[in-house]
Asker: 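If you scroll down you'll find the structure; I have some questions about it.
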Amino acid sequence: MVSSLGGRALHPQVQRVLLALTIPLDLLQMVKARMMLAMNKGLNRQTHAQATVKMLPTYICSTPNGTGRTAQPGGRFPQLSDNTFDMPEDLMQGTGEALFDFIAQCVRQFLGDGCHSKERLPLGFVFPFSCRQTRLDKAELISWSKGFSCSDVEGKDVVQLLQLAINKQEVGELEVVALMNDTVGTMMTCSTREIPCEVALIVDKGTNSCFMADVQHVQTVEETRGRMCVNTEWGCFGDDGALDDILTPYDQHVDEESSNPGVKRFEKLVGSLYLGDVVRHALIALAAEKALFIGSNVTVLGTKGVLTTQQVVEIISSKEGMTKARMTLEALGLRPSERDCCRMQQVCRAVVSRSAALCAAGLAAILSLIRQSRGLERLMINVAVDGELYHGMPHVQLDTVTRLLAPECLVNLKLSEDGTGRGAAMVTAVALRLADQRREVNQLLAPLRLTRADLERVQALMRQEMDLGLGRETNANASVRMLPTYVRGTPDGTERGEFLALDLGGTNFRVLAVRVAEKGIQIASQIYVIPTNIMQGTGEALFDHIVDCIMDFQMKQDLKGRVLPLGFTFSFPCKQLGLDKAVLLNWTKGFSASDCVGKDVVQLLREAAQRKQVEKALNVVAVVNDTVGTMMSCGYEDPECEIGLIVGTGTNACYMEEMQNVGTVEGEQGRMCINMEWGAFGDNGCLDHLFTEFDQMVDEKTINPGKQRFEKLISGMYLGEIVRHILLALVEKGILFQDKACPTLQNRDIFKTKFLSTIEIDGLALTKVQAILWDLELQANFEECSLVREVCQTVSLRAAQLCAAGLAAVVEKMRENRGLGQLAVTVGVDGTLYKMHPCFSEHLQQTLQDLAPNCAVTFLLSEDGSGKGAALVAAVAVCGAES
Ligand code: G6P
Ligand code: BGC
């Protein structure tokens with residue numbers, strides 16, 4: 001408010017200047033509204049990039065007396081020792097390296113003798129500049145401010161720069177574990193038991209604020225529940241012109257003179273780095289209009305910085321303000337009159353009051369945002385305040401104006417007592433716990449994270465086992481059996497006829513009728529259930545059940561009385577004695593029907609048909625593995641398809657091998673499809689170095705321990721179990737589900753592989769992950785949800801990479817076989833894991849390309865399963881027999 005002083009009427013020029021520097025309440029309301037708008041813009045994912053008020057996430061998710069995350073770790077911090085170091089001015093504009101070296105030297109000096117301790121010492125770094133944070137210990141400097149402009153720091157991770165500088169100093173085991181803005185450190189120190197402190201305000205050289213925002217409004221982070229402290233970086237408010245109507249010509253001059261003209265407009269109206277100069281420019285204008293210093297030479301006022309904010313504050317606040325004004329002016333060589341001193345004091349007051357009023361408008365904006373997002377009628381809150389200027393500022397004014405602008409909020413301004421240090425220590429303690437936890441998690445998961453060298457070794461081993469499996473003499477000792485299939489070619493499109501097909505061994509048992517005609521292939525099929533008691537009962541019951549299903553299907557399809565040639569996809573390892581003779585070598589994937597191993601499965605099927613007296617209705621002409629069925633079915637579409645791959649309940653591959661390399665079958669001409677049975681790769685111990693304790697535990701609990709070891713690292717039947725065992729280990733270490741009971745996690749197979757497929761969907765909100773876990777009665781918070789996701793990702797990535805290493809051995813062998821520099825080949829692929837998992841196929845293909853760069857491999861997804869392929873093999877068999 002402009003008033004007259006000592007009964008004398010105010011000089012019109014002085015009045016004009018004071019008016020320009022005074023923001024009336026209605027305009028302050030508008031500033032508050034614009035600030036809210038700017039803040040919302042910063043929080044919104046779409047508008048964030050253009051926003052002036054950046055609203056940066058800090059990854060601090062609770063306040064000391066909140067949910068307890070910061071309450072316990074490290075206990076309280078009763079003792080604080082500190083040391084202040086003077087920073088040489090020229091460092092501020094020097095190189096980044098010099099700045100960080102200086103800081104590291106100070107740390108070294110501070111620690112004194114302690115700096116050689118072998119004990120790990122965590123360090124929290126309060127860094128009051130605008131940083132883009134992606135973790136507590138990762139912060140990229142967006143831009144310098146407040147007179148700093150060190151080279152080579154903007155755009156870089158400041159934590160890393162400091163750590164490097166510290167490492168150079170060889171300061172023991174010092175580790176930078178958290179970086180935070182000064183506002184955050186301040187906020188942490190001001191909570192009371194009753195009322196949490198969820199806002200902090202700094203009015204110092206610059207100005208800034210932070211507050212605990214409801215995470216669902218912070219769209220720039222993935223978390224969707226709980227709170228996170230947001231560093232507003234409100235100093236840039238107005239950089240888009242939002243403050244133009246309150247800027248005075250003096251502010252424009254100050255801005256032009258600054259090291260960063262055009263930016264940080266709000267800060268330049270509020271921060272102590274600028275207020276002295278605003279006053280100075282106002283005085284220059286008044287002198288030019290002969291309202292001040294008449295007869296004096298005022299050139300000295302043209303120099304930036306001759307009037308400090310410190311002096312301005314003293315002039316307005318102390319009783320001796322007038323004397324202070326005189327002394328200040330005289331020190332500048334001016335000879336002020338009593339009136340000059342009085343007018344100067346009025347200008348100083350106006351500038352400082354304006355700063356307080358603008359801070360109040362900003363604060364009111366924050367309070368209203370919090371109140372709105374929490375749906376509260378009234379908000380009771382502690383606001384921590386710190387900064388040199390605030391200590392000299394009329395608090396009452398900040399307090400009063402805030403109340404006027406946010407009347408629904410009961411604000412308690414609390415002066416931070418020991419600066420940011422104690423807050424920083426608290427954050428550091430949390431960071432430390434998280435860092436320790438991270439180390440343990442990394443340690444636990446390390447054996448599952450494979451290097452390129454690991455994968456190359458797997459590839460080489462697979463190649464070795466393939467050669468052993470193909471050799472007549474060595475076959476018996478190979479873990480990869482390399483079974484001949486008697487399939488000698490892929491379809492050529494001339495196949496014709498009507499067939500029946502059976503498809504047993506995957507998620508579903510299917511019976512199909514397949515018509516292969518010139519126009520294409522038509523399929524009718526039905527899924528039948530095979531109950532576990534039949535899978536694991538007697539062989540007779542299993543094959544009786546299969547025949548029942550065939551009869552049922554024939555009846556439903558009106559095929560009764562017709563004897564169609566039948567192709568049988570039987571997805572288990574079989575020693576094939578001919579196209580229609582296949583001796584089961586062993587069961588896999590949870591099957592264990594008795595009296596089948598060592599028998600011809602076609603014969604078992606025929607015997608069942610005899611028992612049911614329908615043997616005349618069955619004409620089995622071919623048995624194929626699902627890999628072969630898949631290759632054939634895809635080969636019908638693409639003649640380059642010479643590999644079949646399954647990644648489903650189990651995993652396996654087949655490919656076209658040169659007859660001359662197949663030592664286990666007579667004949668040298670042409671090619672034959674080899675069913676690798678790579679699921680058993682490693683059963684001879686050659687992969688023992690890869691198995692983790694979790695793999696061992698999974699293996700031990702299966703019905704075929706020690707068998708199908710490669711499959712148990714890769715396929716859908718086992719990945720969920722591996723994840724479950726890792727989660728159990730994390731629980732045991734106290735990292736996961738702390739203090740929460742999770743008995744369900746003890747249940748075998750509770751964690752399905754399909755959960756991995758959902759949990760790993762890119763961009764899936766953590767609430768969805770949480771819902772999946774809650775369904776399993778696992779009460780996971782967000783930190784825990786993302787840990788579970790990480791475990792899933794690690795397990796499925798390893799599976800995809802191992803699968804790729806196996807496939808790389810296959811394509812490279814085919815390329816060598818054919819003496820080609822480059823091989824172009826298509827893989828027909830099927831299986832629920834491959835089809836349903838969001839990134840398995842991508843990881844598989846990437847790794848394969850990396851491991852076998854000379855092979856251009858195309859993946860063709862099989863559309864109707866391998867039953868169609870079995871029918872095509874049957875067609876070839878029938879045609880062959882006829883010709
Ligand atoms: C195809 C075949 C099945 C095969 C399956 C593998 O659908 O028709 O015979 O076993 O792929 O996938 P799954 O995930 O069912 O084990
Ligand atoms: C079987 C293979 C089959 C694979 C994929 C494995 O367990 O041994 O014969 O191809 O699963 O279904």
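All of these numbers come straight from a predicted model, not from anything done at the bench. Both counts, for ligands and for their atoms, begin at 1 and track the order of listing. In what follows, residues are counted from 1 in the order of the sequence shown.
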Asker: Just the distances, no angles: every ligand 2 N or O to protein N or O pair closer than 3.5 Å, one line each.
Answerer:
| from | atom 1 | to | atom 2 | distance (Å) |
| --- | --- | --- | --- | --- |
| ligand 2 | 7 (O) | Thr588 | OG1 | 2.8 |
| ligand 2 | 7 (O) | Glu711 | OE1 | 2.8 |
| ligand 2 | 7 (O) | Glu711 | OE2 | 3.0 |
| ligand 2 | 8 (O) | Glu677 | OE1 | 2.7 |
| ligand 2 | 9 (O) | Ser571 | O | 3.4 |
| ligand 2 | 9 (O) | Phe572 | N | 3.4 |
| ligand 2 | 9 (O) | Asn625 | ND2 | 2.7 |
| ligand 2 | 9 (O) | Glu677 | OE1 | 3.4 |
| ligand 2 | 9 (O) | Glu677 | OE2 | 2.6 |
| ligand 2 | 10 (O) | Asn625 | OD1 | 3.0 |
| ligand 2 | 10 (O) | Asn625 | ND2 | 3.4 |
| ligand 2 | 10 (O) | Asp626 | OD1 | 2.5 |
| ligand 2 | 10 (O) | Asn652 | ND2 | 3.0 |
| ligand 2 | 11 (O) | Lys589 | NZ | 3.1 |
| ligand 2 | 11 (O) | Glu711 | OE1 | 3.4 |
| ligand 2 | 12 (O) | Lys589 | NZ | 2.7 |
| ligand 2 | 12 (O) | Asp626 | OD2 | 2.5 |

Asker: Hey, are Asp683 and Lys707 close enough for a salt bridge, meaning a charged N less than 4.0 Å from a carboxylate O?
Answerer: no

Asker: Is any N or O atom of Thr649, backbone or side chain, closer than 3.5 Å to an N or O atom of ligand 1?
Answerer: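 Checking ligand 1 against Thr649, an N or O pair does fall under 3.5 Å apart.
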
Asker: Return the set of residues passing side-chain hydrogen bond (donor to acceptor under 3.5 Å, both in side chains) with Lys701 (not counting sequence neighbours), or none when no residue passes.
Answerer: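 Lys701 satisfies side-chain hydrogen bond (donor to acceptor under 3.5 Å, both in side chains) with no residue once adjacent residues are dropped.
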
Asker: When you compare the side chain of Ile643 with that of Val811, does any pair of heavy atoms fall below 4.5 Å?
Answerer: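 Side chain of Val811 against side chain of Ile643, heavy atoms only: contact under 4.5 Å found.
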
Asker: Among all residues two or more places apart in sequence or in another chain, which pass the side-chain contact (heavy atoms from CB on, under 4.5 Å) test with Asn684?
Answerer: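 If we apply the side-chain contact (heavy atoms from CB on, under 4.5 Å) test to Asn684, skipping adjacent residues, the hits are Glu465, Ser479, Cys686.
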
Asker: Does Arg709 qualify as a cation-pi partner of Phe691, given the criterion of NZ or CZ under 6.0 Å from the six-membered ring centre and within 45 degrees of its axis?
Answerer: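 Judged by the rule (NZ or CZ under 6.0 Å from the ring centre, within 45° of its axis), Arg709 counts as positioned above Phe691.
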
Asker: Regarding atom 9 (O) of ligand 1: of the candidates Asp503, Asp626, Thr832, Val647, which has the closest heavy atom?
Answerer: Asp503

Asker: With Ile761, which residues qualify under side-chain contact (heavy atoms from CB on, under 4.5 Å), at least two apart?
Answerer: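 Partners of Ile761 under the side-chain contact (heavy atoms from CB on, under 4.5 Å) test: Thr758, Leu764, Pro838.
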
Asker: Pick, from Gly865, Ser866, Gly831, the option with the minimum heavy-atom distance to atom 2 (C) of ligand 1.
Answerer: Ser866

Asker: Classify the contact between Arg510 and ligand 1 as side chain, backbone, both or neither, using a heavy-atom distance cut-off of under 4.0 Å.
Answerer: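 It is the side chain that gets close, since no backbone atom is under 4.0 Å.
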
Asker: Is there a polar contact, in the sense of an N or O pair closer than 3.5 Å, between Asn508 and ligand 1?
Answerer: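 For ligand 1, there is no N or O atom that lies under 3.5 Å from one belonging to Asn508.
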
